[in-house]
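Some notes on the structure that comes next.
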Amino acid sequence: MEKQKITGSEALLKTLIAEGVDTIFGYPGGQAIPIYDCLYDYQDQLRHILVRHEQGATHAAQGYARVSGKVGVAVVTSGPGATNTITGIADAMMDSTPMVVITGQVPSPLLGTDAFQEIDVIGITQPITKWAFQVRRPEEVAWAISRAFYIASTGRPGPVVIDFAKDAQVGLVEYKYEKVDFVRSYQPIPDINEACVEAAADLINKAKKPFVLVGQGVVLSHAEKELMAFLEKADIPAASTVLGLSALPTDYPLNKGMLGMHGNVGPNRKTNECDVLIAIGMRFDNRVTGDLTTFAKQAKVIHFDIDNSEIGKNVAVTVPVLGDAKQTLAAVTAKLQPAKHTEWIASFDPDAKEEQDRVIEKELNPQEGYLKMGEVIRKVSEATGNDAVLVTDVGQNQMMGVRYFKYKNTRSVVTSGGLGTMGFGLPAAMGAKLGAPERTVCLFCGDGGLQMTIQELGTIMQEQLNVKIILLNNNFLGMVRQWQELFFCERYSATIMDNPDFALIAKAYGITSRKVKERAELDGAIKEMLEHDGPYLLVADVEEKGMVYPMVPAGSSITNIIFGDNQ
């Protein structure tokens, strides 16, 4: 008896379900209609979120992936539908976010004919994906999708693109799902080198001033507990990259804050004072290292990473520890001798006090004048019990957000790190709320970034997503303006913004909003926002020329710190 055959589109949906997918973000179009027609019969198993722009689909899938730990999924049509996903795919590649993007494509006989809405999706996306593959036959569907999920989610995670020709969508196939858990020539987790484990432990045991740099790799490897055990046994202070921030609770005793251009003073200075620098799941981005010729030259460097291409790429490494951080941290910890570095840890305190006095106190507790970004962010954080998911757009709102929000739980920071994508915030917040519906999601954005993807308010309206949007409105492209003030003689070229009435826009989408100018109103407005059952836009009019300090100028040594108080 012949087995029942199904279409390639149904094979796609069945395989998504088999891979554990429950939510997809997308936008239909001509070359994806068969997929969407089939989806009509699977609505009880797959929740489809109709975004208002395909870029929004990818950022929403990223937000979903970042908080849930699952693979985010976006489905779009061919041509402009596919090219509109490029920014989100590149962003996911830079930030190691697991995502599968499925693009419709013209029927395979028309490939190469410049057919209506045909574009070379594979050629465009290969440089910014872990894998890109074109499905031309329905027999390839189940294998390609399962392989896509395996590649996207294992090793160093990242985006995969499946370009799905229309004739493969409608063609019939005897469906058989077999989960892909092996790809020849692809080794997602390197074997642990015991000699490197021994060498790393030996360096740490002999260190007088060890210092740990925590990256997102700790979160991606689910290695938060292993990190704490490692730090506590050897009594080592740690600081985080932007994407690694919530790997440790903010109030964890050995957590000394954030690294980088707008990071905390102590971590930046101590990077150039420690004798052993231990980087875990981070890539020595230039915003963390500053001038590489002056970065940690006094230190021996141990680099834990799953991706061999990162070892020695920017910073010379004394001991590489390749492998999954959950495994390698445990292996090294087992060989550590219990230690105490009381004096070294205490040496961070004067730097923290200097930063508190020169920057933080002025930002969080201003006595007069306009609202400050930092005070709004800290008040929102504290009102949530420091237990919310922070989502940011890009710019001053982002740097203030990661500086002044506090974290209790892991997977609490969703922001565009490597690519720095304005417009990321609003759709990413939608995805974060769907990925962690039980958690409060607070989005901080600027007036510039919000307007890049403001149409996604329509998605929030349709899905009634309970996202709390805090717009830090200063009528400027704030971060560019800050650089113009500091480095371009206050020549504010193309950074002043005439903005619409954002409250009226929110009202048009049926979203409750409130505008705050006065400090006396702030606490009440935040309380109202958090207690409101549904999406809410809080527009905070902040000082127009606010500055994010401290700041390390681009390309400068990380110890060359600007405080902004006429030092």
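Predicted model only: the values in this text are computed from it and were never measured.
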Is the shortest side-chain N to carboxylate O distance from [X] to [Y] below 4.0 Å?
{"X": "Arg481", "Y": "Glu544", "value": "no"}
{"X": "Glu224", "Y": "Arg411", "value": "no"}
{"X": "Arg403", "Y": "Glu355", "value": "yes"}
{"X": "Lys515", "Y": "Asp541", "value": "yes"}
{"X": "Arg287", "Y": "Asp285", "value": "no"}

Output the distance between atom [atom1] ([X]) and atom [atom2] ([Y]), rounded to the nearest 0.5 Å.
{"X": "Thr289", "Y": "Met282", "atom1": "OG1", "atom2": "CE", "result": "8.0 Å"}
{"X": "Ser96", "Y": "Lys130", "atom1": "OG", "atom2": "NZ", "result": "8.5 Å"}
{"X": "Leu457", "Y": "Leu537", "atom1": "CG", "atom2": "CG", "result": "7.5 Å"}
{"X": "Thr97", "Y": "Arg66", "atom1": "OG1", "atom2": "CZ", "result": "4.5 Å"}
{"X": "Trp131", "Y": "Tyr150", "atom1": "CH2", "atom2": "OH", "result": "12.5 Å"}
{"X": "Ile89", "Y": "Leu419", "atom1": "CD1", "atom2": "CG", "result": "12.0 Å"}

**Study point:** Arg47/Glu463 under salt bridge (charged side-chain N to carboxylate O under 4.0 Å, His left out): CA gap, chis, key distance, verdict
**Key:** CA-CA 11 Å; Arg47 182 178 182 182; Glu463 299 292 337; 2.9 Å; yes
Less than 3.5 Å apart, any donor N or O on the side chain of [X] or [Y] sitting next to an acceptor on the other?
{"X": "Gln451", "Y": "Asn499", "value": "yes"}
{"X": "Asp163", "Y": "Thr103", "value": "yes"}
{"X": "Glu118", "Y": "Gln105", "value": "no"}
{"X": "Asp387", "Y": "Asn409", "value": "yes"}
{"X": "Ser381", "Y": "Asn386", "value": "yes"}
{"X": "Gln62", "Y": "Asp91", "value": "yes"}
{"X": "Ser246", "Y": "Ser412", "value": "no"}
{"X": "Thr415", "Y": "Gln398", "value": "yes"}
{"X": "Glu456", "Y": "Thr459", "value": "yes"}
{"X": "Gln484", "Y": "Thr495", "value": "yes"}

Could you check whether any side-chain heavy atom of [X] comes within less than 4.5 Å of a side-chain heavy atom of [Y], counting everything from C-beta outward?
{"X": "Asp120", "Y": "Ile122", "answer": "yes"}
{"X": "Asn473", "Y": "Val542", "answer": "no"}
{"X": "Val135", "Y": "Ile162", "answer": "yes"}
{"X": "Asn84", "Y": "His53", "answer": "yes"}
{"X": "Leu259", "Y": "Leu213", "answer": "yes"}
{"X": "Met479", "Y": "Met399", "answer": "yes"}
{"X": "Phe563", "Y": "Val265", "answer": "yes"}
{"X": "Met258", "Y": "Val242", "answer": "yes"}

Donor-acceptor contact below 3.5 Å, side chain [X] vs main chain [Y]:
{"X": "Gln126", "Y": "Ala132", "value": "no"}
{"X": "Lys70", "Y": "Asp22", "value": "no"}
{"X": "Asp501", "Y": "Leu504", "value": "yes"}
{"X": "Arg514", "Y": "Thr512", "value": "no"}
{"X": "Gln117", "Y": "Gly30", "value": "no"}
{"X": "Asn268", "Y": "Gly260", "value": "yes"}
{"X": "Asn255", "Y": "Pro249", "value": "yes"}
{"X": "Ser556", "Y": "Val552", "value": "no"}

Check the surroundings of atom [atom1] in [X]: do more than 12 heavy atoms from other residues, nucleotides or ligands lie under 6.0 Å from it?
{"X": "Glu438", "atom1": "CD", "answer": "yes"}
{"X": "Gln43", "atom1": "CD", "answer": "yes"}
{"X": "Tyr509", "atom1": "OH", "answer": "yes"}
{"X": "Phe487", "atom1": "CZ", "answer": "yes"}
{"X": "Tyr492", "atom1": "OH", "answer": "yes"}

**Study point:** For Asp307, the option from Arg283, Arg156, Lys313 that meets salt bridge (Lys or Arg N to Asp or Glu O under 4.0 Å)
**Key:**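 With Asp307 as partner, Arg283, Arg156, Lys313 yield a single salt bridge (Lys or Arg N to Asp or Glu O under 4.0 Å), made by Arg156.
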Please find the pair of heavy atoms, one from [X] and one from [Y], that lie closest to each other, and give the distance.
{"X": "Val391", "Y": "Ala428", "value": "CG1-CB, 4.1 Å"}
{"X": "Val380", "Y": "Cys442", "value": "CG1-SG, 3.9 Å"}
{"X": "Gly534", "Y": "Asn466", "value": "O-OD1, 2.6 Å"}
{"X": "Gly290", "Y": "Ile558", "value": "N-CG2, 3.8 Å"}

Check your understanding: Considering the options Lys468, Glu528, Glu531, which one meets the side chain to side chain donor-acceptor pair (under 3.5 Å) requirement together with Tyr536?
Key ->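 When Lys468, Glu528, Glu531 are each tested with Tyr536, the side chain to side chain donor-acceptor pair (under 3.5 Å) holds only for Glu528.
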Check your understanding: Is the distance between the ring centroids of Phe25 and His48 under 6.0 Å?
Key ->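 No - the distance between ring centres of Phe25 and His48 does not fall below the 6.0 Å cut-off.
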**Study point:** Cation-pi check, Arg378 onto Tyr404 ring (under 6.0 Å, within 45° of axis)
**Key:**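 No; the conditions do not both hold, so Arg378 does not lie above the ring face of Tyr404.
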Exercise for review: Could you label the plane-to-plane angle of the Tyr407 and Phe405 rings as parallel, tilted or perpendicular, counting under 30° as parallel and over 60° as perpendicular?
Suggested key: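 Ring orientation, 0 to 90° scale: tilted.
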